[in-house]
Structure formats: structure tokens, C-alpha cells
Amino acid sequence: MADLKSKFLQVYSVLKSELLEDPAFEFTNDSRQWVERMMDYNVPGGKLNRGLSVIDSYQLLQEGRELTEDEIFLASALGWCIEWLQAFFLVLDDIMDGSHTRRGQPCWFRLPKVGMIAVNDGVVLRNHIPRILRKHFREKPYYVDLLDLFNEVEFQTASGQMIDLITTIQGEKDLSKYSLSIHRRIVQYKTAYYSFYLSVACALLMSGEELENHIDVKNLLIEMGIYFQVQDDYLDCYGNPETIGKIGTDIEDFKCSWLVVKALELSNEEQKKILYENYGKADPENVAKVKALYKELDIEGAFADYESKSYEKLTSGIEGHPSKAVQAVLKSFLGKIYKRKK
């Protein structure tokens, strides 16, 4: 795996060099340096799970056949397109949320010389994707399907972000807008498509498969993506900050978290009143009251119940799939996230 990761990182260097020499634009030294610094700051810094999953999934779909260097390169290039998409979203998300840090360093727009130039940088990152696809996949029979896939997933993610933003408008903190169904919709569109489905869809296209024939795979991956986000919501409140690498602030930030939505569902009128009065306030006393109510309602128990039911449902869905290779891909995803602590 470490070998695969170092190969993956080498592909980043190749793609970066190609983008900085793109014949469609005449770079000046200044502009080339800017874009290089901007890419290095925003693209490769994360855990790279989404990108590496393309190679993993493609490998599993080949049922044990050793991949050629060319296949590893192409699967890595698609993996990097997903990381580029993620970078584009995060750069702009951080501006919208007024965030301060990302991946343990200041957000890109917070750097002294960057500021609102970051908006255009996000647009540039998004435009790098079709440049990479054109250079390396133009002659492939699945080229149009790849373009279509990235465009569709980007549309779904941006639309999910929109539902999130309009549901959680800062000035009008209204918990009555929050429900399990709105939480599910936000998560499905904002996170699940690009974080779970996209990697496997890329691997399927590279394997010569038609995506229309794999709607069941898509549905299982979306369910997995929703389960993953519910875990995230849970860890924000109950995870160990040392392990998850951040101090959770979903309560203070009035986030449409699974925990608050579940609490609303389980609360009587008096308990709802406590939530309405204390949720979304930065004062530690308010936060403590929300957490005390979570304890009273046994939200931890509700999560444990949700986790085991989701796992059973996903496992039976996976085992019902006719292809052993596809089962292996889905099982590898589920294995990585089940009962995770970070």
C-alpha cells in the first residue's frame, strides 16, 4: 500500500507539470508560480482516500490480475481528478463558512496575499479536471462517460451544498427546518456522490463497464456515504479530539447534524425547548446543556443501534450482488469505515 501511495504521489507531480505547461494558456513566471503554490497548498494535503480508492477498486475489479504501469498511471490520474474536485469544493466552502483552518493549516483564502483571489483559484482548480481528462483519456472509448460523470457529480455536490446553506442560514436559526429526511438529502448530495460513488464509477468505466448497469452499486455506495457522515456527526461530539484531529463544534455552529435531528425526533416538548434555547450558541454552558440532553435521550445508544442496522443492511445488499469482484470492492469500502474512530 505504501508503494502504491508513493506511485500515486509521483503521478501528482506529472499532472502538475503538465498543467503548468498547458499549451492553451501562455503562463508568465508569476502566474506559473502562483498556480503551482496554489495546487501544492490545496490538492495533495488530505488523506487521499478518495483518490487511492480508484486504484484499489480498479485492482479488485481485475480479480487479481497484476496491473500494468499504464493502468496504474491512468487509475491514479482519475484518482487525482477526484482530489482536484475536492480541493475546488474545499477552497470555496471555507470562504462560505468563514473557516480559519483546514487540514491543520490556515485556509487558503486566509493567507495574506490570497484573500478573495481564492474564489478564482477554486474555479481554476475545477477547470484543471477536464484538462487532465483531455490529455490522458481523449482517445478512450469511455472519455465522454468520464466527462459526464464528473459534471453530474459536481452538479449534485454543489446542489447538496446549496440545500445545506439555505437550511442553515445564519441569521435565522430555526431548528424546525431540521429533520432526518433533510439531513439525509444534504448528506446524499453534498458528500456521498463525490466521496463514495465517484471513485468506484471511475474504476468501473476504466474496466469497460456501463454505469447504467450498476445502479445497485451506486445505491449501496450512497447508503455507505450517508452512514459515513452520520459517523462523522457522532465523532464530532463523542470522538477523541486527539484521534480525530479536531475539536468538534457542530453544536456551536448550528450544524444540521444527525445527533440534533435524532434528538428532535426523540424529544418531548420540554426537551425540544432545551434544544431550541441552547443549540447553535457558542457559550460552553449552552453546549453543556445540549450534551446533557443527548445523554438523557441516550443518543449514543441510538447511534449504536443505527450503526448495527446500517451495517446489516449494507452487508446483505453487498452479498446479494451477482459479481464477486464488485462485492470485493464494496466490502473493502465498508471494511474501511465500519466502527471507525476517526
Side-chain angles (χ1 to χ4, degrees), residues 1-15 43-87 129 132-133 136-137 140 142 145-146 149-150 153 157 191-211 213-214 216-229 231-232 311 314-315 317-319 321-342:
M1 190 60 210
D3 180 42
L4 208 57
K5 192 163 183 176
S6 63
K7 275 190 179 164
F8 186 61
L9 287 164
Q10 283 166 6
V11 174
Y12 170 74
S13 303
V14 175
L15 299 175
V43 179
K47 297 186 285 290
L48 309 180
N49 290 341
R50 295 171 181 80
L52 290 164
S53 293
V54 180
I55 316 171
D56 281 352
S57 302
Y58 183 69
Q59 174 80 74
L60 289 165
L61 290 172
Q62 305 316 304
E63 306 190 65
R65 173 177 72 75
E66 193 158 339
L67 305 186
T68 65
E69 284 299 315
D70 187 48
E71 286 177 304
I72 293 172
F73 181 87
L74 291 175
S76 299
L78 290 180
W80 279 114
C81 286
I82 303 177
E83 294 295 336
W84 246 273
L85 186 68
Q86 156 100 327
I129 298 164
I132 295 169
L133 294 175
H136 296 283
F137 295 91
K140 303 285 180 210
Y142 52 86
D145 295 314
L146 271 179
L149 172 67
F150 274 90
V153 170
T157 309
T191 306
Y193 283 102
Y194 96 92
S195 298
F196 282 78
Y197 173 59
L198 186 51
S199 307
V200 178
C202 285
L204 285 166
L205 288 175
M206 258 189 80
S207 304
E209 295 287 328
E210 299 281 339
L211 294 179
N213 301 337
H214 293 283
D216 49 350
V217 176
K218 182 194 225 169
N219 292 336
L220 280 164
L221 286 160
I222 295 309
E223 284 305 319
M224 245 180 260
I226 293 167
Y227 163 58
F228 177 85
Q229 184 59 49
Q231 285 178 314
D232 239 31
Y311 185 74
L314 287 165
T315 306
I318 293 169
E319 284 172 355
H321 197 282
S323 154
K324 282 281 179 264
V326 171
Q327 275 194 33
V329 171
L330 296 170
K331 279 181 178 164
S332 127
F333 267 81
L334 186 55
K336 282 178 202 159
I337 62 171
Y338 181 56
K339 297 225 155 163
R340 69 194 175 94
K341 295 284 175 267
K342 64 172 186 178

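Small disclaimer: the values here were computed from a predicted structure and weren't measured. We use all heavy atoms of the structure for the numbers below, so side chains are in, but hydrogens, waters and symmetry mates are not.
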Gap separating the [atom1] atom of [X] from the [atom2] atom of [Y], nearest 0.5 angstrom:
X	Y	atom1	atom2	answer
Ile318	Asp216	CD1	CG	11.5 Å
Gln229	Thr191	CD	OG1	4.5 Å
Phe196	Leu220	CZ	CG	12.5 Å
Ile72	Leu4	CD1	CG	6.5 Å
Lys47	Lys5	NZ	NZ	10.0 Å
Asn49	Ser199	CG	OG	9.0 Å

Under a 3.5 Å distance rule, please check whether [X] uses its side chain to pair with a backbone N or O of [Y] as donor and acceptor.
X	Y	value
Gln231	Ile337	yes
Trp80	Pro44	no
Ser207	Glu209	no

> Can you list the residues that meet the side chain to side chain contact (heavy atoms under 4.5 Å, CB included) rule with Tyr338, with sequence neighbours excluded?
Replying inline: Tyr227, Glu307, Tyr311
> Excluding sequence neighbours, so at least two apart, what forms side chain to side chain contact (heavy atoms under 4.5 Å, CB included) with Glu71?
Replying inline: Tyr58, Arg65, Leu67, Thr68
Could you tell me whether the side chain of [Y] reaches within less than 4.5 Å of the side chain of [X], counting heavy atoms only?
X	Y	value
Lys218	Leu211	no
Ile82	Val153	no
Phe73	Lys7	no
Ser53	Val200	no
Tyr193	Leu198	no
Val329	Val217	no
Leu9	Leu48	yes
Leu146	Leu78	yes

>> Go through it in stages, so that I can follow the logic: the residues are Asp56 and Lys336, the test is side-chain contact (heavy atoms from CB on, under 4.5 Å), and I'd like the CA-CA distance, side-chain angles, deciding distance and then a yes or no.
In response: CA-CA 12 Å; Asp56 281 352; Lys336 282 178 202 159; 3.1 Å; yes
Taking all heavy atoms of [X] and all of [Y], pick out the closest pair and write down the distance.
X	Y	answer
Ala77	Val11	N-CG1, 4.1 Å
Glu223	Leu314	CB-CD2, 3.7 Å
Ser332	Leu60	CB-CD1, 3.9 Å
Ile55	Ser76	CD1-OG, 3.4 Å

>> Out of the candidates Leu133, Asp145, Leu74, only one should pair with Lys140 under the side-chain contact (heavy atoms from CB on, under 4.5 Å) rule; please name it.
In response: Leu74
> So among Cys81, Ser195, Cys202, which one has a side-chain contact (heavy atoms from CB on, under 4.5 Å) with Arg50?
Replying inline: Ser195
> What do the steps show when you test Tyr12 against Trp84 for ring pair (Phe, Tyr, Trp, His ring centres under 6.0 Å), and what is the final call?
Replying inline: CA-CA 10 Å; Tyr12 170 74; Trp84 246 273; 5.6 Å; yes
> After noting the C-alpha distance and the side-chain angles of Tyr142 and Leu149, does the key distance pass the side-chain contact (heavy atoms from CB on, under 4.5 Å) rule?
Replying inline: CA-CA 10 Å; Tyr142 52 86; Leu149 172 67; over 6 Å; no
